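Below is one structure, written out as structure tokens, with a few remarks after it.
Predicted model, so just to flag it, every value in this text is computed and none were measured. The basis for the numbers below is simple: all heavy atoms, side chains too, and nothing from hydrogens, waters or symmetry mates. Read the numbers this way: they start at 1 and go in the same order the structure lists the ligands and their atoms.
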Amino acid sequence: MPKVQETTLEIDLRALTHNFNYLKSKLQPQTKFLAVVKAFAYGSDSIAVAKQLEALNVDYFAVAYAKEGVLLRDAGITVPILVLHPQPINFKTIIDWCLEPSIYSAKILDEFIQTAEASKQNKYPVHIKFNTGLNRLGFRPGSVDTIISKLESTSAIVVKSIFSHLAASEDLNESTFTSQQISDFKSIAKNFEAKVGYRPWLHLCNTSGVINYPEAHLDMVRCGIGLYGFGNAVKEDKVLIPIARLKSIISQIHKIEPQETVGYNRAYQANDYEMTATIPVGHADGITRQYGRGKGFVIINGKRAPIIGNVCMDMIMVNVTNIECREGDEVIIFDGTHRASDLAESANTISYEVITAVSQRVKRSFIS
Ligand SMILES: *Cc1c(COP(=O)(O)O)cnc(C)c1O
């Protein structure tokens, strides 16, 4: 790779293909694969990622909001798209763009039926979401009869799938709870099928569910983080390849004297003669203030340079006293070796947060 000349998020579409094939290898051949591409494909680029996955014959996409689905349709994506968290104000848009809503409450069901009937739909596909313990979105198991009676009152919609979401699939200490969610979901599905008179697809697993609970793969799985290179487990991280690498360059180097301070609020004070480097990436780019004051770090010429003082909007300052470096040298914030999950740990957070935070201001470049 040529060295970057400015802050750049490199997106490796070969790594995406590798991760997709690896996750698929964990599935039965008939199990469908839904790729979660919400939040700009976890901070990368939803159009480039979706195009690549469409070329690899992915079965479904999911986004959180209707406008994310519209972006994909505008880019020419034709694979079905599930909208995980729609609001009634967007139901017309959802239908106009052939997006498929998650129906998670009686209110949402009533309002979607109304919109579908008003636009003269017949058997418009929807996905019913059940709450089996996450307590975030979804019908309670006891709502099946209510849902069925609403469905019987209309021909405007049809249930293409029913699904639920695991609360702690990555945490094996919670396997008793997860197994309960799995068996509860299976009984909801049985009850629902018997009453609706046809067989919607069933899906439950996110990435860690795919890895840890093969008995719960059902008809389809919904993978996000694994596609982007993180498996929430050391063993999986050895195989998955992070698709995004955030790199920058050193804008300026300062030699500072003992007792001088660095950055806003004078949050860092030098003990001795020290060298600092200023890097053009800040909280407006996704390196939030939680990484400041010695917690987070970047890699310069193979060595860790701690972020000193407060993170600024457009810059960070790092300590390079013991690192041989020059203005213009490349800086790695995260890549395949210095993983975003390691940076996340420094500030007590998770890979999901670091990678989705990379803002739209940061230049994207692609490797394919
Ligand atoms: C985001 C999301 C996923 C993807 O989860 P990962 O852990 O990233 O694989 C799956 N299902 C639902 C409902 C989600 O909101």
Quiz item: Are any of the side-chain nitrogens in K38 or E68 under 4.0 Å away from the carboxylate oxygens of its partner?
Solution: no

Quiz prompt | Shell of residues surrounding ligand 1, defined by a 4.0 angstrom heavy-atom cut-off that is strict | solution = V36, K38, Y42, L84, R136, H165, N206, T207, R222, C223, G224, I225, Y352

Quiz item: Residues two or more places apart in sequence or in another chain: which of them pass salt bridge (Lys or Arg N to Asp or Glu O under 4.0 Å) with E10?
Solution: R245, K247

Quiz item: Can you list every pair that meets salt bridge (Lys or Arg N to Asp or Glu O under 4.0 Å) and has a residue in residues 332-350, with sequence neighbours left out?
Solution: D237-R339

Please list every donor-acceptor pair under 3.5 Å in which a side-chain atom of residues 198-206 meets a protein atom from a residue at least two apart or in another chain.
unit_1, atom_1, unit_2, atom_2, d
Y198, OH, V159, N, 3.1
R199, NH1, D219, OD2, 3.2
R199, NH2, D219, OD2, 3.3
H203, ND1, R222, NH1, 3.1
H203, NE2, S161, OG, 2.7
N206, OD1, S169, OG, 2.8
N206, OD1, G209, N, 3.1
N206, ND2, S169, OG, 3.4

Quiz item: When rounded to the nearest 0.5 angstrom, what is the spacing between OG1 in T7 and CG in L246?
Solution: 7.0 Å

Quiz item: Salt bridge or not for R361 and D285, using N-O below 4.0 Å?
Solution: yes

